Each structure stands twice: as C-alpha cells, then as structure tokens.
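First listed ligand is number 1; within each ligand, the first listed atom is number 1. Source: prediction; values computed, not measured. Side-chain atoms are counted along with the backbone in the values below, which use heavy atoms only and exclude waters and symmetry mates.
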Amino acid sequence: MEEKSIIIIGAGIAGLSTGCYGQMNGYHTQIFEMRDLPGGLCTSWKRKGYTIDGCIGWLMGSGPGYNYYQLWQELGALHGKRIINHEEFLRIVDNEGKALIIYSDLDKLEGHLKELAPEDADEISKLIQLAKTCSTFNPPIKKAPELMGLADLIPFLFKNKQFLKINSKYRNITLQDYVKKFKSPFLRKMFPFLLVDLFSLIMMLGMLHKKSAGYPEGGSLEFSRGIEQRYLNLGGKIHYSSPVTEIIVENNRATGVKLLDGSIHHSDIIISAADGHATIFDMLGGKYINKKIQYYYNHFPVFPSKILLSSGVNRTFDDSPHWIIFLLDTPIVIGGQEYTSLGVEIYNFDHTLAPHGKTVLRMMFDTDYTYWYDLKQDLDRYQMEKKKIAETVISILDKCYPGLAALVEMIDVATPITWERYTGNWKGSYQGWQLTEKTMPPFRMSKKLPGLESFYMAGQWVEPGGGLPPSALSGRNVIQLICKQDKKHFKTSFPY
Ligand SMILES: Cc1cc2nc3c(=O)[nH]c(=O)nc-3n(C[C@H](O)[C@H](O)[C@H](O)COP(=O)(O)OP(=O)(O)OC[C@H]3O[C@@H](n4cnc5c(N)ncnc54)[C@H](O)[C@@H]3O)c2cc1C
C-alpha cells in the first residue's frame, strides 16, 4: 500500500522533529517554512563577524541519564557537539560586590550557602534535599500522553511519588515568599533575583546537578541544523521561503496548504508546527474552534516576550563566570519598565561565536508586547527606543567593566516585534503558554481541532510550559498518534 503523505507547516524544532519521526515511520513528509533557515525561535544570527545566539541558555536532556537525551539522540541534534556544563551556573553580585554563587553541584552549592548564612543551615539543607529529589524526576517520552492508560499511569505515579508531592506542595510559592524562611538578610535579598518561583528553582538546580542542562557548543542555529540534517538524511524535503497562508479544507478534512505565492500543495495529513493563534484563527479562519479553545486564547497567559541585547566586544573575559547578575544602585528603565538588576551572559565558553580575542555578551529583559506594538506604529520612535536601550545598557556595563564601552564593536537589539516578524509567534512570546495552576499536567491541550479531520498541531502552542524538549517531543507524539490511527507500530531509530 502506498504510504500516506504529510505536509508540515514550520521548520522550527517541533516541525523538524515531526518530520524526522514521520520519515522514520514511512510517511512521505515535506515541510513548508516561511524563513530561509531551520530552527524558528531556536536560531542565531551574524553581525560584524560575531554570532548572536537567540535561544539556548540551557538544554534539558543535554546529558545521558535523562529521557530527553534519547530524544536528542534520535534527532541527531547533539552529534559531534561538545556539551558545556558550567561548574558555576550563575553569580549574583550585590551593590557592595558580595556574591551569591549558584554552583551546578548541589553539595558545593550547599557548602557555599551555609558559609554565606550559617544561621540558615537547616533551611538550606532542606532546599538542597528538595533539589536532589527533583533531580531524580525523569519525564517519560516513550508513549504520547494521549495513548497512556492506567497501566502506564500507576507505575509513573508510584515511581515519582516524592517528586509529585514536592510539585503540589511548592509549585505556587514565589521566591519572594520563600525567602521569608531565611534569617540571613543577604539570602533574602538575593534569592528573588534567581527566578520567579521556588519549584522552577529546585527543578533547575536538580537538572544542573545531573549535568542535564548544558549548552551545545556552536549555539542554537547549529543545534537546529543538526536536526535539519537528520531530517534530510531520512529523506524529508524542506521548502524554505514558503509561507503558508491557508490550510485547505474539503468536507471538514484538511487536504492541503496554500502558499503566499498562490501555489497549492496537497497531502493526506496536515500538521501545523507554526504559531497556534495564526494556525487556528488565520490559516483556518477560526472555523474549527470550540468554547475551550476560545477560552485558552482569551484567558491563558503567555510567556512575556523579551528584549535581547547582544554586544560584540574587543576583549576577552577569561576568568569571569559565564553569567553574572549585577544589582544596580539606581534602577534603569528599559522598554518602559523599571529594572533593578542587569544580567549579563558572557560567551567566554564558546569561542566559535566571536573572532579570536573578542567576546559576545548577551542581556535579556522580559518586556511588554503591547508597548512595542504601539511603538512599532512609528518606526522612528521604535528605532530611537532601541538606540536608547543600547546606550543605557552599555553605560551600566562600562561601570561594571571599566573601559568596556570603548571596546564595543557590535550592538544588536531584538524586541518582541523581531520575534513576531521572524517566527510569527503570537505576542512575540518566546515560549508559548505559561505553566499555571490551570495549565499544569494533568491538563493537556489537544493536538487536534474539533470537527477537522486529518489535521494535527505540534510545538510550543500545544505544550504549555514550552521550551525545546516539549516542542520536539510533541512532534514525536503527533506521529505516534497518527501511527496508532493507521494501526502501525511506531518506530524510532538512531542516526549514529
Ligand atoms: C531568547 C530565547 C531563549 C530561549 N531559551 C531557551 C532555553 O534555554 N531552553 C529551552 O528549552 N527553550 C528556550 N527557548 C524556547 C524555545 O526556543 C521554544 O520553546 C521552541 O524553540 C519552540 O519551538 P517550536 O518549533 O514549537 O516553535 P517555533 O520555533 O516558533 O517554530 C515555528 C516555525 O514555524 C514557522 N512558521 C510560522 N508561520 C508560518 C507560516 N505561515 N508558514 C510557514 N512557516 C511558518 C516559523 O518561521 C518557525 O520556523 C528560548 C526562546 C527564546 C526566544
């Protein structure tokens, strides 16, 4: 029997992954991507000889012992790449120069925290123990959640009893609230600069400890290129510079796509791995929704967008930690919002990103999409704002590293409008739906739309919490669902 054909919209990590697993299972797949590069949000770009990394800070599953590692192996994403695990993950420096250091090794971190705050030794031990328990949690990847039954669920619940307890007890505690447990004014002051909530913090510490949140040398575009190559080697086809404007539906069955150039392409199944809002409300004209979906798009919060300021400087930072947050004496205003700290990622650990003797610095700020949307209506004001941000940040950096301003050779400011224009992501969001009480598992967003046959969605807009592993996994899961529908055994393989 002739194998079915699948059209995939979008060559981000989800689209590429969907294509790889489709090919592994004998489907004829092709991807239509509006840009001329793979990766979507997982990308990098060049300016004046420097490479700006637009994505990966840490990659879950970058090391063995974690199921996501198998996913990246199947996708050929890490092949030949050196994985960098930072011994010191983050340093926060206060106005007097005193530092809180987040070591990746939990025992080393425990020692450091107790040195800083011996009066909080008990609470620190508890925190470290929580992170150690979280480090044992390993998200399952074998079966799509939609296909799991009680026989899968019961062993999962049993195995992860401790972790699930921690999750339900701590997931709603902000670090602002948590720090009240500390007696040390220093820890109380510094901890809220780490992350927003306690559960994310202990999860992150657990993954770092397990060496499963590293950085693949070469950066985000190289990582995406690895999966692109895997897809092409499996026989897939990618059509770049091919924006899809419409999903063609006949008798409530998706049968093809129409591109911006007017051409029409048919297949048995269509999978959109592009932005969720654009897929549902533009490409399908809002015809396949129900109250639930409408509710998600009206009420669920999305991850805020980001300003990403990158700078190329003509100097090295050999002895510097790779990520420092400086607390500021006077707050700065960036994109209409006040910030009391400046976080700087120093790419002294990836020499492929800058010419010899030079370094890329990266700074990110959460920002409000509507501020930038309004500003964009007047291009001159938009450009002025970007220039102002660059000047403000460089002047602060110059105080942290005297003489740095004179060594700046490149500056690049990406805003929510950049992400929106480049990837089509709704509100310029960098990670889709936020994880909240309502969107946490067991909540699951359907990968199908009501009343529409032969159509699926993959990617961060059907995986609340977003990020690279869930996006890639959603592609694997969608192909499992299709195999199940076609009564086929789902297969995977390794390239090397
Ligand atoms: C600054 C930043 C830092 C991040 N850091 C991390 C990190 O450290 N770790 C982590 O796990 N995650 C991180 N993320 C999040 C992660 O990048 C995303 O969650 C993930 O890449 C989403 O993948 P996706 O394939 O679902 O979506 P996307 O990457 O948005 O891919 C969608 C693709 O569809 C294409 N497309 C859209 N519309 C059309 C159309 N009409 N026709 C054809 N093609 C179309 C787009 O061009 C794009 O290529 C970060 C994101 C950003 C922006």
Side-chain angles (χ1 to χ4, degrees), residues 7-19 31-44 52-62 68 71-72 77 204 207 212-216 219-221 223-224 227-228 238-247 257-261 265 270-279 282-284 302-310 323 345 362-367 414-416 418-426 428-433 457-475 478:
I7 283 179
I8 298 156
I9 307 170
I13 295 304
L16 292 169
S17 163
T18 309
I31 302 178
F32 290 93
E33 164 56 50
M34 69 175 178
R35 293 282 152 210
D36 58 356
L37 286 174
L41 289 167
C42 187
T43 197
S44 321
I52 296 164
D53 198 285
C55 183
I56 303 176
W58 59 83
L59 178 71
M60 272 162 77
S62 62
Y68 287 149
L71 181 72
W72 300 130
M204 185 187 81
M207 275 184 300
S212 256
Y215 164 90
S220 300
L221 181 57
F223 175 81
S224 299
I227 309 180
E228 177 202 45
I238 311 186
H239 309 268
Y240 285 114
S241 307
S242 301
V244 171
T245 53
E246 189 184 330
I247 294 167
V257 294
K258 186 173 180 188
L259 305 190
L260 188 62
D261 65 9
H265 304 261
I270 311 293
I271 302 171
S272 177
D275 170 66
H277 191 275
T279 299
D282 300 336
M283 295 181 217
L284 285 164
V302 302
F303 277 97
S305 195
K306 289 204 182 276
I307 298 166
L308 187 147
L309 191 151
S310 308
W323 187 10
E345 289 172 88
R362 184 173 95 154
M363 286 133 282
M364 279 200 260
F365 307 87
D366 282 357
T367 193
T415 74
T418 318
W419 310 126
E420 185 183 48
R421 176 177 52 77
Y422 185 72
T423 64
N425 273 289
W426 191 44
S429 177
Y430 75 102
Q431 216 160 272
W433 306 111
M457 288 172 71
Q460 63 179 11
W461 293 99
V462 285
E463 296 294 340
L468 296 165
S471 300
L473 187 59
S474 74
V478 156

Could you tell me the residue and atom name of the protein heavy atom closest to [atom], and the distance to it rounded to 0.1 Å?
atom                    : value
atom 49 (O) of ligand 1 : Glu33 OE1, 2.6 Å
atom 42 (N) of ligand 1 : Val244 N, 2.9 Å
atom 23 (O) of ligand 1 : Ser471 OG, 3.6 Å
atom 17 (O) of ligand 1 : Cys55 SG, 3.1 Å
atom 37 (C) of ligand 1 : Thr423 O, 3.3 Å
atom 18 (C) of ligand 1 : Gln460 OE1, 3.3 Å
atom 21 (O) of ligand 1 : Leu468 CD2, 3.4 Å
atom 8 (O) of ligand 1  : Gly57 N, 2.8 Å

For this session: Counting heavy atoms only, name the option from Gly12, Gly465, Ala11 that's nearest to atom 31 (O) of ligand 1.
Result: Gly12
Non-hydrogen atoms of [X] versus ligand 1: any pair closer than 4.0 Å?
X      : result
Met283 : yes
Gly424 : no
Gly39  : yes
Pro469 : yes
Gly54  : yes
Met364 : yes

Exercise. Out of Leu468, Leu473, Thr18, which residue meets the side chain to side chain contact (heavy atoms under 4.5 Å, CB included) rule with Ile13?
Worked result: Leu468
Can you name the atoms of ligand 1, numbered from 1 with element, that are less than 4.0 Å from a heavy atom of [X]?
X      : result
Gly10  : 33 (C), 34 (O), 35 (C), 44 (N)
Ala14  : 25 (O), 26 (O)
Gln431 : 12 (N), 13 (C), 14 (N), 15 (C), 19 (O)
Asn425 : 30 (O)
Gly459 : 26 (O)
Phe32  : 43 (C), 44 (N)
Ile56  : 8 (O)

Is it true that a side-chain atom of [X] and a backbone atom of [Y] form a donor plus acceptor pair closer than 3.5 Å?
X      : Y      : value
Asp366 : Lys306 : no
Ser471 : Gly459 : no
Arg362 : Leu308 : no
Ser242 : Tyr240 : yes
Trp433 : Trp461 : yes
Gln431 : Gly465 : yes
Thr418 : Thr415 : yes
Glu33  : Ala11  : yes
Ser272 : Thr279 : no
Ser474 : Ala458 : no

Side-chain atoms of residues 52-61: list all donor-acceptor pairs with protein atoms under 3.5 Å, sequence neighbours left out, distances to 0.1 Å.
residue	atom	partner	partner atom	Å
Asp53	OD1	Cys55	N	2.9
Asp53	OD1	Ile56	N	3.4
Asp53	OD1	Ser220	OG	2.6
Asp53	OD2	Ser220	N	2.7
Asp53	OD2	Ser220	OG	3.3

Taking 4.0 Å as the limit for heavy-atom contacts, which would you say applies to [X] with ligand 1: side chain only, backbone only, both, or neither?
X      : value
Ala273 : backbone
Leu59  : neither
Trp461 : neither
Ala274 : both

Hey, are the side chains of [X] and [Y] touching, using non-hydrogen atoms and a 4.5 Å cut-off?
X      : Y      : result
Ser62  : Tyr215 : no
Glu246 : Val257 : no
Thr43  : Tyr422 : yes

Under 3.5 Å between some N or O of ligand 1 and some N or O of [X]?
X      : value
Trp58  : yes
Leu308 : no
Ile13  : yes

Exercise. Just checking, is any N or O donor in the side chain of Asn425 or Gln460 under 3.5 Å from an acceptor N or O on the other one?
Worked result: yes
Exercise. Distance from Lys258 atom NZ to Phe32 atom CZ, nearest 0.5 Å?
Worked result: 14.0 Å
